[in-house]
Amino acid sequence: MKSFFITTAIDYTNAPPHLGHAYEKILADVIARYHRLKGDPTFFLTGVDQHGQKVQQAAQREDIPVEKFVDQTTEKFLALWKKLDLSYDAWAATTSPLHKTCVRKILQTLYEKGELYKASYRGFYSVRQEQFLTDKERGPDGAFGPEWGEVIELEEENWYFRLARYRDWLLAFLDTHPACVSPGFRQQELRNAAEKLSSDLSISRPKSRLAWGIELPFDSSCVTYVWFDALVNYISFAGYLEDDVAFRERWPALHVIGKDILIPAHGIYWLAMLKAMGFADDEMPTFLVHGYVLVDGDKMSKSLGNIRDPNTFADHFGVEALRYYLMRDCVVGQDMDFTDERLIQRFNSELANGLGNLVNRTLTMAHRYRGGRLCPSIQGGLRDRALAATRAYAEAMEAGSINLALEKVAELVTEANQFVERSAPWKLARETNNEAQLDGILYHLAEVIRLIAIMISPVIPKAAADILEQLNWTGPLALAEASWGVLPEGHQLGKPQPIFPRIEVEHPDTAVASAETLPSAAKPRKKRMG
Ligand code: MSP
């Protein structure tokens with residue numbers, strides 16, 4: 001049976017992971033978990049990009065052998081993904097022998113097919129940045145700026161991939177596959193870039209300049225260009241040229257990537273590489289291109305000193321608070337501005353006061369008034385609204401609009417809480433002959449909570465499991481179970497336990513500062529509450 005195959009970009013191991021990396025991986029994780037919830041066999045691949053100049057230079061700066069440096073950084077990614085509860089099925093680390101063998105086989109095949117050729121290139125070369133410069137790098141005065149350090153004229157022989165010959169195919173492919181890139185405006189940007197495609201791609205680096213890479217199988221003096229190595233991860237770790245059956249079941253993939261690496265890397269190089277390898281048009285991947293997580297409006301960068309470590313937020317506020325906030329606030333495809341204040345606000349209003357309160361009061365009332373036993377009733381008032389919300393949720397999830405799907409859930413929570421206020425079960429309980437009405441209200445609330453737990457499970461899986469446990473519901477965690485009337489007559493509910501302790505900030509004015517820089521008095525403290 002065909003799998004749903006989802007990948008992320010693989011992160012450079014030149015520095016530890018930051019919030020942007022975490023956002024992308026959580027987004028892919030949520031989509032993967034949603035597909036599992038639907039019952040689709042799912043294969044979720046993520047990993048690290050371990051070769052290349054950036055990584056080699058970072059290791060040199062730290063004066064650590066590059067292999068050791070890569071291992072240390074990779075560990076930081078692995079530890080963070082474990083903490084953030086990523087449910088990936090396979091780990092793509094590009095120094096692994098399986099991957100290297102696959103890259104070399106592909107290079108050899110392309111070489112034999114005449115897709116690669118050697119040529120000499122003469123141009124301006126920045127010694128400091130170790131790269132050739134083009135006119136684009138010149139400043140307004142026509143000179144190369146001080147950031148490039150010493151610039152010399154250099155002639156170098158390299159291997160080239162006949163990229164330009166794929167221009168017409170790529171344009172025709174994009175025109176006949178309008179849903180290749182989402183959001184749609186990114187596909188248009190890619191098309192515009194493909195129109196301008198006129199030169200081939202240098203895919204090798206002389207070892208004298210860069211030793212940290214995969215050696216070309218037909219020229220031992222060179223290693224392959226890091227993108228030619230990294231992009232292959234999407235197929236090498238899915239079984240390409242290794243396990244044909246597994247590969248056919250999985251491929252093609254949905255690639256979740258950031259807006260900076262669609263053009264040219266994925267949209268041009270990768271599609272052309274696949275075409276050159278012999279992949280047919282209906283075997284091409286699709287792309288979900290997300291925006292940037294900004295910090296106080298700025299891109300995270302070393303020079304601005306605003307790089308945010310996701311560990312800090314997960315440790316201070318809780319992993320699920322972080323996951324919920326990133327998924328709830330960011331419109332997929334657009335940039336989001338990350339602030340502590342907003343994270344706290346979302347968590348406290350929608351999870352602590354909203355869902356946590358709904359679960360807590362429902363279970364407390366059910367135990368107090370009916371001994372925790374349910375009695376199904378058609379009357380109760382929430383059924384139609386709840387089913388409409390699950391449909392709207394599924395539609396939004398299918399479209400990749402996680403924030404919208406969560407909005408539908410949050411609205412349902414609000415309505416259920418308003419329903420509690422309106423129907424005031426505590427008043428009914430004080431009077432006699434209201435048992436049937438009371439049963440109806442409690443049953444509807446319990447069913448709504450069960451549906452909500454199923455719907456939020458891809459985003460906050462631990463809280464969803466906690467809620468289902470408190471409901472004492474042991475049925476399969478599946479979207480198909482999000483239908484009405486599943487809890488049977490006489491079902492015994494579990495005891496309420498706090499799920500979302502409210503985040504209290506003693507000095508709210510400082511809450512917008514990054515969690516790393518919060519003075520200890522202003523650090524959030526968790527208060528136990530429904
Ligand atoms: N190694 C390449 C990708 C190779 S994929 C075959 C790379 N690595 S990266 O570490 O620079 O970026 C990894 C991913 O993180 C990219 O998709 C990138 O867009 C994403 N992000 C990096 N900074 C980001 C934000 N500030 N916000 C959201 N995502 C951003 O590129």
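Whatever order the structure lists ligands and atoms in, that order sets their numbers, starting from 1.
- Listed by number with element, the atoms of ligand 1 under 4.0 angstrom from any heavy atom of His18 are 22 (C), 23 (N), 24 (C).
- Comparing Ala9, Gly20, Gly52, Ala15 by heavy-atom distance to atom 21 (N) of ligand 1, the nearest is Gly20.
- Of the polar atoms of Val293, at least one N or O is found under 3.5 Å from an N or O of ligand 1, judged by distance alone.
- With hydrogens left out, the protein atom closest to atom 2 (C) of ligand 1 is Ile10 O, 3.4 Å, a heavy atom.
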* To do: Could you give me the CA-CA distance, side-chain angles and deciding distance for Trp169 and Asp281, then say whether side chain to side chain contact (heavy atoms under 4.5 Å, CB included) is met?
  => CA-CA 10 Å; Trp169 166 77; Asp281 285 10; 3.0 Å; yes

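- Remark: side-chain polar atoms of His266 are paired, donor with acceptor, to backbone N or O of Ile261 under 3.5 angstrom.
- When only non-hydrogen protein atoms are considered, atom 29 (N) of ligand 1 lies nearest to His290 CE1, 3.2 Å.
- When each atom of ligand 1 is checked for a heavy atom of Gly258 under 4.0 Å away, the hits are 17 (O), 19 (O).
- Of the protein's non-hydrogen atoms, the one nearest atom 6 (C) of ligand 1 is Tyr234 OH, 3.5 Å.
- Using a non-hydrogen distance threshold of 4.0 Å, Trp270 does not register as a contact of ligand 1.
- Residue contacts with ligand 1: Asp260 is placed with a nitrogen or oxygen under 3.5 Å of a nitrogen or oxygen of the ligand (distance criterion only).
- Nearest protein heavy-atom contact of atom 30 (C) of ligand 1 is Tyr292 CE1, 3.7 Å.
- Proximity of a side-chain donor or acceptor of Thr109 to a complementary backbone N or O of Leu107 within less than 3.5 Å is not detected.
- A cation-pi geometry, defined here as NZ or CZ lying under 6.0 Å from the six-membered ring centre and within 45° of its normal, does not hold between Arg346 and Tyr325.
- Which parts of ligand 1 touch Met300 is read off a 4.0 Å heavy-atom cut-off, strictly below it: atoms 26 (N).
- For ligand 1, one of its N or O atoms has an N or O atom of Tyr12 under 3.5 Å away.
- One finds a salt bridge joining Glu189 and Arg186 here, because a Lys/Arg side-chain nitrogen approaches an Asp/Glu carboxylate oxygen to under 4.0 Å.
- For the pair Lys259 and Tyr292, the cation-pi test (distance below 6.0 Å, angle within 45°) is passed.
- Residue contacts with ligand 1 for Lys299 are absent, since no atom lies close enough (heavy atoms, distance under 4.0 Å).
- When each of Tyr160, Phe218, Tyr117 is tested with Tyr111 by the rule ring-ring contact (aromatic ring centres under 6.0 Å, His included), just one qualifies, namely Phe218.
- The proximity of Asp49 to ligand 1, defined as any non-hydrogen pair under 4.0 Å, is limited to the side chain.
- Residue Ala230 has at least one heavy-atom neighbour below 4.0 Å for each of these atoms of ligand 1: 6 (C).
- What sits closest to atom 13 (C) of ligand 1 on the protein, heavy atoms only, is Asp11 OD1, 3.0 Å.
- Close N/O approach between His21 and ligand 1 is found [any backbone or side-chain N/O within under 3.5 Å].
- Of the possible polar contacts, none joining the Ser236 side chain to the His99 backbone as a donor-acceptor pair under 3.5 Å is found.
- Close approach of ligand 1 to Gly291 (heavy-atom distance below 4.0 Å) involves ligand atoms 28 (C).
- Counting protein heavy atoms only, atom 31 (O) of ligand 1 is closest to Ile261 CG2, 3.6 Å.
- Looking at Glu24 next to ligand 1, an N or O pair under 3.5 Å apart turns up.
- Salt bridge Arg323/Asp85: absent, no basic N to carboxylate O contact under 4.0 Å.
- Between Leu231 and ligand 1, no pair of N/O atoms sits closer than 3.5 Å.
- Put simply, the side chain of Ser401 never gets that close to the backbone of Leu404: no donor and acceptor are under 3.5 Å apart.
- No side-chain N or O of Lys118 forms a donor-acceptor pair with one of Asn158 less than 3.5 Å apart.
- Heavy-atom minimum distance, Gly239 versus Phe247: C-CB, 3.8 Å.
- With respect to the salt-bridge test (charged N to carboxylate O, under 4.0 angstrom), the residues Arg209 and Glu156 qualify.
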